[in-house]
Colleague: 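After the structure tokens below, expect a handful of questions from me.
All values reported here derive from a predicted model rather than from experimental measurement.
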Amino acid sequence: MNDNASPNRLSLAGWLAIAVMAAFLGIAIWYAAYTWNRMEGVGISTAGWLFLVLGVVVTFAVGVGLMGLLFYSSRKGRDF
């Protein structure tokens, strides 16, 4: 282990992992937009958009809640 490394800074491997994941996200977004634009006659109703947005919000809330519980548990020393 490198004692000179700051615990708040990412190593080269960390930055590389972030770059690779950002590239994957960019490719996925590009492919989704490309595929969506190639389809003809496909539409989403108002109810479809409502449930799509609701699904994203609920999923995000569950993720935030679970991460909050993880940090709470870690700080209270209840981790195994």
Colleague: Is there a donor-acceptor contact under 3.5 Å from the side chain of Ser74 to the main chain of Leu70?
Modeller: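 Looks like no, no N/O pair under 3.5 Å.
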
Colleague: Inspect the surroundings of CE in Met21 and state if more than 12 heavy atoms from other residues, nucleotides or ligands are less than 6.0 Å away.
Modeller: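 For Met21, atom CE is not crowded (no more than 12 foreign heavy atoms under 6.0 Å).
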
Colleague: Transitively linked via ILVMFWY side-chain contacts under 4.5 Å: Val53 with Ile44?
Modeller: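 No, Val53 does not connect to Ile44 through the hydrophobic network.
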
Colleague: Are the side chains of Leu52 and Trp49 in contact, using a 4.5 Å heavy-atom criterion?
Modeller: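 Yes - at least one pair of side-chain heavy atoms lies under 4.5 Å apart.
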
Colleague: Could you give the distance from OG1 (Thr59) to CG (Leu54), rounded to the nearest 0.5 Å?
Modeller: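 CG of Leu54 is found 9.5 Å from OG1 of Thr59.
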
Colleague: Report yes or no: does Ser73 contribute a side-chain atom to a donor-acceptor pair with the main-chain N or O of Leu69 at less than 3.5 Å?
Modeller: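 Not at all, since once roles are kept as given, no pair shorter than 3.5 Å links the two residues.
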
Colleague: Taking the inter-plane angle between the rings of Tyr34 and Trp30 on a 0 to 90° scale, is it parallel (under 30°), tilted (30 to 60°) or perpendicular (over 60°)?
Modeller: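 It falls in the parallel class, under 30°.
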
